[in-house]
Enquirer: 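Structure incoming, see below.
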Amino acid sequence: EDDDPWTGGENADVVIIAFSDFECPYCGSAAETMAQLVEEYGNDIKVVFRDFPLSFHANAQKAAEAAECAHEQDMFWEMHDMIFANQADLSTGALKGFAEELELDTEEFNECFDTSAAGGSYGVQGTPAFFINGELVTGAQPVENFREVIDKYL
């Protein structure tokens, strides 16, 4: 979808679609790997974030909604980083607290957060899962494994 949050180069030759769950510890380390790759490759790659909250993670759906609501105020990546840094408590109260900490318009955020829902399936079974120019890479892989696939396309 065109409104998914992304980072890197808008018209990059390599597009990585990251399916992630904010409550999944492996997704937290994979997010750091993605940030490292964007730093290294700059505008040659584009990382697109897609929510894929797993049903057995009680707070993953609400965390995804919080990030989407932050995205409406152009603060997705700040909320993304805040959530991954605080995975131990992703309660509704904590998520609303992050919005305050990030100085979002909390009235607008809460209205969005209290009425939102997300989802979707692309043949992804678990998180984290990445499609690099359509090629599936699953799990929190070492950065070298991502470089190998990216470099094939550059």
Side-chain angles (χ1 to χ4, degrees), residues 1-54 57 59-87 90 94-95 97-106 108-109 112-113 116-154:
E1 294 168 38
D2 295 331
D3 61 350
D4 284 324
W6 58 273
T7 183
E10 190 167 7
N11 303 307
D13 290 335
V14 176
V15 177
I16 301 172
I17 297 173
F19 288 87
S20 193
D21 170 321
F22 281 114
E23 207 172 338
C24 141
Y26 300 108
C27 295
S29 45
E32 290 173 21
T33 302
M34 289 299 111
Q36 187 181 339
L37 290 168
V38 169
E39 210 170 284
E40 280 178 36
Y41 288 94
N43 290 336
D44 288 341
I45 67 169
K46 177 180 185 176
V47 177
V48 180
F49 187 92
R50 292 232 174 110
D51 292 304
F52 196 79
L54 301 172
H57 281 150
N59 299 306
Q61 180 65 42
K62 287 312 268 181
E65 291 165 15
E68 286 303 312
C69 293
H71 184 44
E72 287 184 6
Q73 296 185 45
D74 296 321
M75 292 284 282
F76 173 82
W77 294 103
E78 292 82 351
M79 180 64 87
H80 165 280
D81 295 348
M82 177 84 73
I83 293 170
F84 276 131
N86 295 283
Q87 280 184 312
L90 299 179
L95 293 165
F98 299 161
E100 278 178 33
E101 234 176 290
L102 293 170
E103 297 179 7
L104 294 176
D105 176 329
T106 50
E108 193 181 307
F109 176 86
C112 166
F113 184 69
S116 61
S121 172
Y122 300 81
V124 173
Q125 301 297 315
T127 57
F130 306 90
F131 287 94
I132 303 176
N133 283 8
E135 193 173 318
L136 178 63
V137 178
T138 55
Q141 304 274 341
V143 71
E144 296 74 42
N145 297 13
F146 288 99
R147 284 191 195 116
E148 209 172 288
V149 180
I150 292 168
D151 291 342
K152 274 198 312 205
Y153 295 105
L154 289 178

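Nothing fancy with the numbering, it's 1 onward along the sequence.
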Enquirer: Identify the two heavy atoms, one from Gln141 and one from Thr138, that lie closest to each other, and give their separation to 0.1 Å.
Expert: NE2-O, 2.7 Å
Enquirer: Report yes if the side chains of Val47 and Ile45 come closer than 4.5 Å at any heavy-atom pair, otherwise no.
Expert: yes
Enquirer: Does Glu23 reach the main-chain N or O of Asn59 with its side chain, forming a donor-acceptor pair under 3.5 Å?
Expert: yes
Enquirer: Please give me the minimum heavy-atom distance between Asn133 and Asp13, naming the atom from each residue.
Expert: ND2-O, 3.1 Å
Enquirer: Could you check whether any side-chain N or O of Glu100 sits under 3.5 Å from a backbone N or O of Thr106, counting only pairs where one atom can act as donor and the other as acceptor?
Expert: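 Side chain of Glu100 to backbone of Thr106: no pair is present.
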Enquirer: Rounded to the nearest 0.5 Å, what separates atom CD in Glu78 from atom NE2 in His71?
Expert: 11.5 Å
Enquirer: Between CH2 of Trp6 and CH2 of Trp77, what distance do you get to the nearest 0.5 Å?
Expert: 10.0 Å
Enquirer: For the residue pair Ser20 and Thr127, establish whether any side-chain heavy-atom pair is separated by less than 4.5 Å.
Expert: no
Enquirer: For side-chain contact (heavy atoms from CB on, under 4.5 Å), just list the numbers for Val48 and Lys46, CA-CA rounded to whole Å, side-chain angles, deciding distance to a tenth of an Å, and then say yes or no.
Expert: CA-CA 6 Å; Val48 180; Lys46 177 180 185 176; 4.1 Å; yes
Enquirer: Rounded at 0.5 Å granularity, tell me how far CG in Leu90 sits from CE in Met82.
Expert: 12.0 Å
Enquirer: Just wondering, more than 12 heavy atoms not from Glu103 lying within 6.0 Å of its CD?
Expert: no
Enquirer: Rounded to the nearest 0.5 Å, what separation is found between the CG atom of Leu104 and the CD atom of Glu72?
Expert: 10.5 Å
Enquirer: Are Asp44 and Val14 packed together at the side-chain level, in the sense that at least one heavy-atom pair is separated by less than 4.5 angstrom?
Expert: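 Contact flag for Asp44/Val14 side chains = no.
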Enquirer: Would a 4.5 Å heavy-atom cut-off, applied to side chains only, mark Ile132 and Phe146 as touching?
Expert: yes
Enquirer: Can you name the nearest heavy-atom pair linking Ala63 to Phe22, along with the distance?
Expert: CB-CB, 3.6 Å
Enquirer: If I take atom CG from residue Asp4 and atom CZ from residue Arg50, how far apart are they, to the nearest 0.5 angstrom?
Expert: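 Those atoms lie 4.5 Å apart.
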Enquirer: Which value, rounded to the nearest 0.5 Å, describes the distance between Leu136 atom CG and Phe19 atom CZ?
Expert: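 Those atoms lie 9.5 Å apart.
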Enquirer: Over 60° means perpendicular and under 30° means parallel, so tell me whether Phe113 and Phe109 are parallel, tilted or perpendicular.
Expert: parallel
Enquirer: Would you say the side chains of Tyr41 and Asp151 form a donor-acceptor pair under 3.5 Å?
Expert: yes
Enquirer: Measuring only between side-chain heavy atoms, which start at C-beta, is Ile16 closer than 4.5 Å to Phe131?
Expert: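 No - every pair of side-chain heavy atoms lies 4.5 Å or more apart.
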Enquirer: Just wondering, do Ile83 and Leu95 contact through their side chains at under 4.5 Å, heavy atoms?
Expert: yes
Enquirer: Taking all non-hydrogen atoms of both residues into account, name the closest pair between Phe49 and Asp51 and its distance.
Expert: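 Looking at all heavy atoms of both residues, the shortest contact is CE2-OD1, 3.1 Å.
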Enquirer: Under 3.5 Å, sequence neighbours excluded: what are the donor-acceptor pairs made by side chains of residues 28-38?
Expert:
residue	atom	partner	partner atom	Å
Ser29	OG	Tyr26	O	3.1
Thr33	OG1	Ser29	O	3.2
Gln36	NE2	Glu40	OE2	3.3

Enquirer: Check salt bridge (Lys or Arg N to Asp or Glu O under 4.0 Å) between Glu108 and all other residues, then give those that pass, not counting sequence neighbours.
Expert: none
Enquirer: I want to check something: taking the side chain as every heavy atom from C-beta on, are Met79 and Glu68 in contact at a cut-off of under 4.5 Å?
Expert: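 They are not in side-chain contact.
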